[in-house]
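Residues: numbered from 1 along the sequence shown.
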Amino acid sequence: MDTPLSTIAVVGLGTMGTGIAEVLTRAGREVIGIDISEAAAARAITTLEAATARSVARERITEEERRDILARFRTFSDLQAAADADLVIEVVPESYEIKQQVFRALDAVVRPDAILATGTNALSVTRLAADSARPERVLGLHFFNPAPAMKLVEVVSSVLTAPQAVAAVTDLAHQLGKEPVAVGDRPGFVADGLLFGYLNQAAAMYEAKYASREDIDAAMKLGCGLPMGPLALLDLIGIDTARTVLDAMYAESRDRLHAPAPILKQLSEAGLTGRKSGRGFYTYEAPGSGVVVRDALTPLETGGPDAAAREVRSVGVAGSGTMASGIAEVFAKAGYDVVLAARSLEKAETATARIAKSLARSVDKGRMTAEARDDTLARITPAGSLDAFAEVDLAVEAVAEDLEIKQQLFATLDKVCKPGAVLATTTSSLPVVACARATSRPQDVIGMHFFNPAPAMKLVEIVRTVLTADDVHATVRQVTTKIRKHPVDCGDRAGFIVNALLFPYLNNAIKMVEQHYASLDDIDAAMKLGGGYPMGPFELLDVVGLDVSLAIEKVLHREFRDPGLAPAPLLEHLVAAGCLGRKTGRGFREYARR
C-alpha cells in the first residue's frame, strides 16, 4: 500500500464535494469530479473558478497557478471515470441505500489497489465496508465544512480497514495542510459526536420555551467564545442533516441526549431546514443566504420593560474573591457608587487592592486613563460588614457556592437593605428561588450570573424566579446594559443556559476518553479545529477546575434525572485523587508548578 494517491475521484459535487475537490486541486492532485447532475458539475467548476480568481486578486497564487489548478479538475457524470483513481471519496447524501449503491458500482470500476473513502459523518463505515468487495480498503475521511478553510480531517477506521490504507490517507491529509485525527467507527465520530448532542439540547431548550433563540445563541457565543450560537449553527448545517446524525447516534447509544428533539422533526418535515431553504430556527433573506431577517419571533429593539425599572445609583457587592472584585470593578467603571463588603474590613481592602491592580494594568495597556482609574477607585468603598448596604439600590452577592451560606446572607440582606432594593445572586448552579425564600421579599430577588473574569466577559444571565417582580427584572436588564454587558433571560433551573449546555458536552468528552475511543489531544484538536471552540474540552475542564465541573454536573444530574447526565466516573476519580486541574498542577494533564 505505497500508493501515492495522486489521482483522486470525488463522487458528489455538492458544497462539501466541491470544497474537497478545491483542496485537492490546490495541493497538486488530479481530481475527477463525478455527479449525476450536470448542473451540479457546472456549479462546481464555477465555484472553483471564482475561488481561484479571488486568490489571484489577493496575490495568494499567480494566474499561471490558477490555470494549472483549473486544468487539474475534470467533471464527469459516470462512475466509470473513477477507473484510474488511486483514491475515491464519496460525499453523496447521507443514506445507506445511496452510499451502498455507489460502493457496489465502484467495486466493479476501480483498480484492486484503490482506496475507497466515505465522507459520512453519521453512518457506519463498517456497514458500508462490509458490503464492499474489498472491505480492507474502505475507510472514512470526514472533512468539515467549508473544506478549504477547516483544518480538521477525521480518518475513520473500521475493524476491517487495513492499516496501510489508514497510513496512506493520513499522509495525504498532512500533505493537504490538514490536521488528521484517527478515530474509530461510531456515529458522529469525535467532533460531531460531541457537537450534535450539544446542538440537540439547545434545540430542546428552545422548544421548551426556556429561553429565546437569540438569547440561547448569544449566551453560547459570549459565555463560551463560540463562533456561532447552536441554533444558528443548526440552520447552517441543515436541520434535516442534524436530525439524520442524531438518529444514527441515538440508534447506537440509546442516550436520551441524542434522541432528536421533536422540533427538529417538525421543522424538517415542514421543509424548514435552515439556510438552504430560507427558514429554520431563523428566517433568511433568501434560500442559501446567511442574512437573517426579522420575523414574528424577532424581539423588539427598543421599548420593553425598561420603562418600569427602579432607579439604581449605588450598588453593594458582597464577597472578597475574584468574582466579587471583578463585579465591583465593572459597576464602578460604569459610574455607580459601589460598597464592597466582606467578612472583615481587611478582606474588603484586599479585594479593593486587587481592583486597583486590575485598573493599573488597563492604564498600562492604554485602555483607560490614569484619571479614569482614580475616579473608578474613588467610587469603591470597602466595608467589613453588610450593614454598609443600608442605602444601596442593588445588592449583588458573590460569596461561596453553598446554598446554606447564601441563604444566611440573603436573610441578612433582608434585614439590612432598604425597602425597594433589588437583591441579586451570582450563583451558577443553585436555585435562585431558595435564596429568595430566605427573605421576606422574594419578589425583589433575582439571579445575575456574571462570567469569570467579570471585567472581560460580556455575558450576564438574568435568572427570573416565579416570584420575581416585573420591575425587578426590568431594573436588572437596564443595569446590565448600562454596565456594557449583554443580558440574556432564562428561568430558574439548574445550569441556566450556558452551563446546562456546556457541561453535558464536557462530560461526554470525558466518556470518550474512558471508553478509549480517542485521546485527550485528539479530542481537544477535533473540537478546536472542527468545531471552532477556543479551547478543547480537556483544556477547559482543567482551567475551570475538575471539582467545580463535578459539582455542576451533579447539580444537572440531580435536577433533570437523566442517566446521560451522570458525571463520568473518571472525573469523580480525579477529583477524589486531588487532581483538580491547573490550580493543583494536575488534572487531565500535568502543569508546571509556579
Side-chain angles (χ1 to χ4, degrees), residues 144-146 149-152 179 190-192 194-199 201-202 205-206 211-237 290 292 322-323 326-327 329-330 358 361-362 365 367 426 428-429 448-462 480 483-490 495-510 520-521 523-546 548-549 552-553 581-583 587-589:
F144 287 74
N145 200 19
M150 299 296 279
K151 290 290 186 185
L152 180 67
E179 295 285 343
V190 171
D192 286 352
L194 294 176
L195 178 66
F196 277 87
Y198 150 70
L199 296 177
Q201 285 183 283
M205 181 180 279
Y206 172 70
S212 71
R213 61 191 181 181
E214 289 84 1
D215 279 355
I216 292 171
D217 280 354
M220 298 313 292
K221 286 166 65 180
L222 297 174
C224 295
L226 299 180
M228 294 183 76
L231 303 180
L233 182 54
L234 279 163
D235 276 355
L236 176 63
I237 291 167
V292 175
T322 304
M323 181 60 84
I327 293 170
E329 178 181 333
V330 166
S358 173
R361 286 194 295 272
S362 294
K365 293 175 181 176
R367 293 174 182 167
T426 61
S428 62
S429 60
M448 283 186 80
H449 180 213
F450 287 79
F451 287 74
N452 205 14
M457 298 294 281
K458 293 295 184 185
L459 181 68
V460 176
E461 289 178 319
I462 297 177
T480 302
I483 60 174
R484 299 182 181 87
K485 302 297 182 185
H486 185 99
V488 298
D489 286 322
C490 55
F496 311 136
I497 297 174
V498 174
N499 286 347
L501 295 178
L502 174 64
F503 280 89
Y505 147 77
L506 296 175
N507 201 38
N508 285 336
I510 300 169
L520 300 178
D521 291 343
I523 294 172
D524 276 355
M527 297 317 296
K528 289 193 290 185
L529 298 173
Y533 283 66
M535 299 178 79
F538 297 100
E539 289 177 277
L540 182 57
L541 282 159
D542 279 353
V543 168
V544 169
L546 273 56
V548 174
S549 301
I552 293 172
E553 288 178 8
R582 291 197 175 192
K583 59 190 174 185
F588 283 98
R589 294 185 174 89

**Request:** Walk me through it: do Phe538 and Asp521 pass the test side-chain contact (heavy atoms from CB on, under 4.5 Å)?
**Result:** CA-CA 8 Å; Phe538 297 100; Asp521 291 343; over 6 Å; no
**Prompt:** Under 3.5 Å, side chain of Lys583 to main-chain N/O of Val544, donor-acceptor pair present?
**Reply:** no
**Prompt:** Minimum heavy-atom separation for Leu529 to Lys151, with atom names?
**Reply:** CD2-CB, 3.9 Å
**Asked** Which atom pair, heavy atoms only, marks the closest approach of Lys221 to Pro227?
**Response** CE-O, 4.2 Å
**Asked** Can you find a heavy atom in the side chain of Pro230 that is under 4.5 Å from one in the side chain of Leu199?
**Response** yes
**Message:** With a 4.5 Å cut-off on side-chain heavy atoms, are Val488 and Leu222 touching?
**Reply:** no
**Message:** Once salt bridge (charged side-chain N to carboxylate O under 4.0 Å, His left out) is applied, do any residues pair with Glu539, and if so which ones, sequence neighbours excluded?
**Reply:** Lys528
**Prompt:** If you measure from CE on Met323 to OG1 on Thr426, what distance do you get to the nearest 0.5 Å?
**Reply:** 6.0 Å
**Complete:** When every non-hydrogen atom of Gly223 is compared with those of Phe451, the smallest separation belongs to O-CD2, 4.4 Å
**Request:** Drop me the distance from Ile497's CD1 to Cys224's SG, to the nearest 0.5 angstrom.
**Result:** 11.0 Å
**Separation of Asn508 CG from Phe503 CZ (nearest 0.5 Å)** = 13.0 Å
**Side-chain (Glu461) to main-chain (Phe496) donor-acceptor, under 3.5 angstrom** = no
**Distance (rounded to the nearest 0.5 Å) between Cys490 SG and Met205 CE** = 8.0 Å
**Request:** Not counting sequence neighbours, which residues clear salt bridge (charged side-chain N to carboxylate O under 4.0 Å, His left out) with Asp215? List them please.
**Result:** none
**Message:** Contact between Val498 and Met220 at the side-chain level, heavy atoms closer than 4.5 Å - yes or no?
**Reply:** yes
**Fill in**
Of all heavy-atom pairs linking Ala509 and Leu194, the shortest is N-CD2, 3.5 Å
**Request:** Would you sort out whether Arg589 and Asp524 count as a salt bridge (charged side-chain N to carboxylate O under 4.0 Å, His left out), showing the intermediate values?
**Result:** CA-CA 12 Å; Arg589 294 185 174 89; Asp524 276 355; 2.9 Å; yes
**Message:** So, taking the atom named OH in Tyr533 and the one named OH in Tyr198, what distance separates them when rounded to the nearest 0.5 Å?
**Reply:** 5.0 Å
**Fill in**
Shortest non-hydrogen pair, Met448 vs Thr480, comes out as CE-OG1, 3.7 Å
**Request:** Kindly indicate whether the side chain of Val292, heavy atoms from C-beta on, has any atom under 4.5 Å from the side chain of Asp235.
**Result:** no
**Message:** Just verifying a value: how many Å separate Leu231 CG and Ile216 CD1, rounded to the nearest 0.5 Å?
**Reply:** 5.0 Å
**Message:** Any non-hydrogen side-chain atom of Pro487 less than 4.5 Å from a side-chain atom of Leu459?
**Reply:** no
**Residue pair Ser429 / Asn499, side-chain heavy-atom distance below 4.5 Å** = no
**Message:** Is it the case that the side chain of Asp542 and the backbone of Phe588 share a donor-acceptor pair, with hydrogens and angles ignored and the cut-off at 3.5 Å?
**Reply:** yes
**Request:** State, with a plain yes or no, whether a side-chain heavy atom of Leu233 is found less than 4.5 Å away from one of Leu195.
**Result:** yes
**Item:** Side chain proximity check, Ile552 to Leu502, heavy atoms < 4.5 angstrom
**Value:** no
**Distance-minimising heavy-atom pair for Pro537 and Tyr505** = CD-OH, 3.5 Å
**Request:** Could you tell me whether a side-chain N or O of Lys485 sits under 3.5 Å from a main-chain N or O of Phe450, the two making a donor and an acceptor?
**Result:** no
